[in-house]
Amino acid sequence: MNFEFRAIYWRDMVKFFRYKSMLFSSLIQPVMWLAFFGLAMSDNFDQLTSLIPPVEGVRNVSYLSYMGAGIIAMDVLFSSLFGGTSLMFDKKFSLLRETLASPVPRVHIILGVGLSGVTKAFIQTAMIIGFGKLIGMDFFTGYTLAETLFAMAGIFLLVGIFTLGFLFLSGSIAITIENPEGMQSILTLLSMPLFFVSSALYPVDAFPSFLKFLSMFNPLTLLANGIRYFALGDNFSVIGNHYIYTATDIGVSFLGLLFFALSMLAISLWRFNKVDV
């Protein structure tokens, strides 16, 4: 088996660690979201819901813990969506032409970029979980060591599939659009509805029917629900809402994200085979 994608992967990782401003912002920004927005909103919601009688026999978790899963989903969404911009600049400065002219199969270029994005997403996810535990998130409360390791594996698996899907999408856009400003506009246009029509920061139960329907197929909702299942359990309540997740629910989330990632891979392969730089 050929492993040419390792060169693409290693190049992206060297860039990530060498550019200190990029490394610092990508690691600190989600922590700041959790520390400032998370703690402030958690205190407000917890005060408002303290008067609601708890569901008997159901563990009540803080809004910070609920939102922590959403912060992970939000962070990997934005990092993976904008991860394809490296291809845009490679194309702009003719580096992509040299890569495409090399013996490296084009699928390996896509895989190299995708796997580097997954590695970055794993680092950011671990940072958020570690910092969240320090400030009081209820992740893995009552879990044994084996259960915690299994839950972590489940979270990273979902994060990896989700990240690949959006990196493939971002890469397809990057080699199609001719200027960075146009790409940034498209990515912003995509990210806003994905983020707000999801369960990342708040329950979708009170959404209008058509928004609730759209949120069911939103990859961000599938990821956030999967993270909450693994990190908080299959039966808990938060801000007055009772959540029960079944194995079927998580299977749907996994298959939905897998279908999304494979679809985006097919589109990116088609675009890379058509591109002429």
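At a threshold of 4.5 Å between non-hydrogen side-chain atoms, the residues Phe236 and Asp138 do not count as touching. By the 4.5 Å heavy-atom criterion applied to side chains, Phe140 and Leu145 are not counted as neighbours. Taking the side chain as every heavy atom from C-beta outward, Ser79 and Gln124 approach each other to under 4.5 Å. A 4.5 Å side-chain heavy-atom check between Val204 and Leu211 finds every atom pair outside the cut-off. Within the 4.5 Å cutoff, the side chain of Phe230 has no heavy atoms near those of the Tyr143 side chain. Looking only at side-chain heavy atoms (C-beta outward), Phe78 and Leu187 stay at 4.5 Å or farther from each other. Looking at heavy atoms from C-beta onward, Phe207 lies in side-chain contact with Tyr202 at the 4.5 angstrom threshold. Here the side chains of Asn225 and Asp249 are not in contact, with every heavy-atom distance at 4.5 Å or above.
Here the closest non-hydrogen pair linking Leu167 and Val113 is CD1-O, 4.0 Å. Of all the heavy atoms in Ala200 and Ala224, the pair that sits closest is CA-CB, 4.4 Å. Closest of all the heavy-atom pairs between Ala73 and Leu220 is O-CD1, 3.3 Å. The two residues Thr144 and Glu147 make their nearest non-hydrogen contact at N-OE1, 2.9 Å. A pairwise comparison of heavy atoms in Phe168 and Ser268 identifies O-CB, 3.6 Å as the closest pair. Across all non-hydrogen atoms, the minimal contact from Asn241 to Pro203 is ND2-CG, 3.6 Å.
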Begin with the C-alpha distance, continue with both residues' side-chain angles, and end with the deciding distance and a verdict on side-chain contact (heavy atoms from CB on, under 4.5 Å) for Phe131 and Met127. CA-CA 6 Å; Phe131 181 75; Met127 285 278 295; over 6 Å; no
Does the ring-ring contact (aromatic ring centres under 6.0 Å, His included) test come out yes or no for Tyr229 and Tyr243, once each step is laid out? CA-CA 9 Å; Tyr229 168 79; Tyr243 291 88; over 10 Å; no
Give the intermediate values and the outcome of side-chain contact (heavy atoms from CB on, under 4.5 Å) for residues Ile161 and Phe254. CA-CA 8 Å; Ile161 297 172; Phe254 173 78; 3.4 Å; yes
Show your working on side-chain contact (heavy atoms from CB on, under 4.5 Å) between Thr148 and Phe139 and close with a plain yes or no. CA-CA 9 Å; Thr148 301; Phe139 277 20; over 6 Å; no
Are Val61 and Thr141 close enough, and set up right, to give a side-chain contact (heavy atoms from CB on, under 4.5 Å), and what steps lead you there? CA-CA 10 Å; Val61 301; Thr141 299; over 6 Å; no
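Residues Phe150 and Ile72 share a single hydrophobic cluster, defined by chaining ILVMFWY side chains whose heavy atoms lie under 4.5 Å apart. By the rule that hydrophobic residues join a cluster once side-chain heavy atoms approach within less than 4.5 Å of another member, Leu194 and Phe196 end up as members of one cluster. Leu214 and Met216 fall into different hydrophobic clusters, where Ile, Leu, Val, Met, Phe, Trp and Tyr are joined by side-chain heavy atoms under 4.5 Å apart, directly or via other members. Connection of Leu201 to Met192 is established within a shared hydrophobic cluster, with ILVMFWY side chains joined at heavy-atom distances below 4.5 Å, either directly or through further cluster members. Connection of Leu157 to Leu115 is established within a shared hydrophobic cluster, with ILVMFWY side chains joined at heavy-atom distances below 4.5 Å, either directly or through further cluster members.
There is a side-chain donor-acceptor pair under 3.5 Å between Ser65 and Ser62. In this model, no donor atom of one side chain and acceptor atom of the other lie less than 3.5 Å apart for Asn218 and Ser215.
In this structure, CE on Met264 lies 8.5 Å from CZ on Phe259, to the nearest 0.5 angstrom. Leu257 contributes atom CG, which lies 5.0 Å from atom CG of Leu222 (distance to the nearest 0.5 angstrom). With rounding to the nearest 0.5 Å, the separation of CG in Leu111 from CG in Leu265 is 7.0 Å. Atom CD1 of Ile123 sits about 12.0 Å away from atom CD1 of Ile128, to the nearest 0.5 Å. Rounding to the nearest 0.5 Å gives a distance of 8.5 Å between CD1 of Ile155 and OG1 of Thr125. Within the model, atoms CG of Leu77 and CZ of Phe162 stand 4.5 Å from one another, a figure rounded to the nearest 0.5 Å.
Partners of Phe217 according to the ring-ring contact (aromatic ring centres under 6.0 Å, His included) rule, which considers only residues two or more places apart in sequence or in another chain, are Phe213. Here Ser185 pairs with nothing under the side-chain hydrogen bond (donor to acceptor under 3.5 Å, both in side chains) rule; sequence neighbours left out. In this structure, Ser80 has no side-chain hydrogen bond (donor to acceptor under 3.5 Å, both in side chains) partners at least two apart in sequence or on a different chain.
In this structure a side-chain-to-backbone donor-acceptor pair under 3.5 Å is present from Arg228 to Tyr66. Arg271 places no side-chain N or O within 3.5 Å of a backbone atom of Gly171 that could act as its donor or acceptor partner. In this structure a side-chain-to-backbone donor-acceptor pair under 3.5 Å is missing from Ser237 to His242. In this structure, Thr221 contributes its side chain and Ser199 its backbone to a donor-acceptor pair below 3.5 Å.
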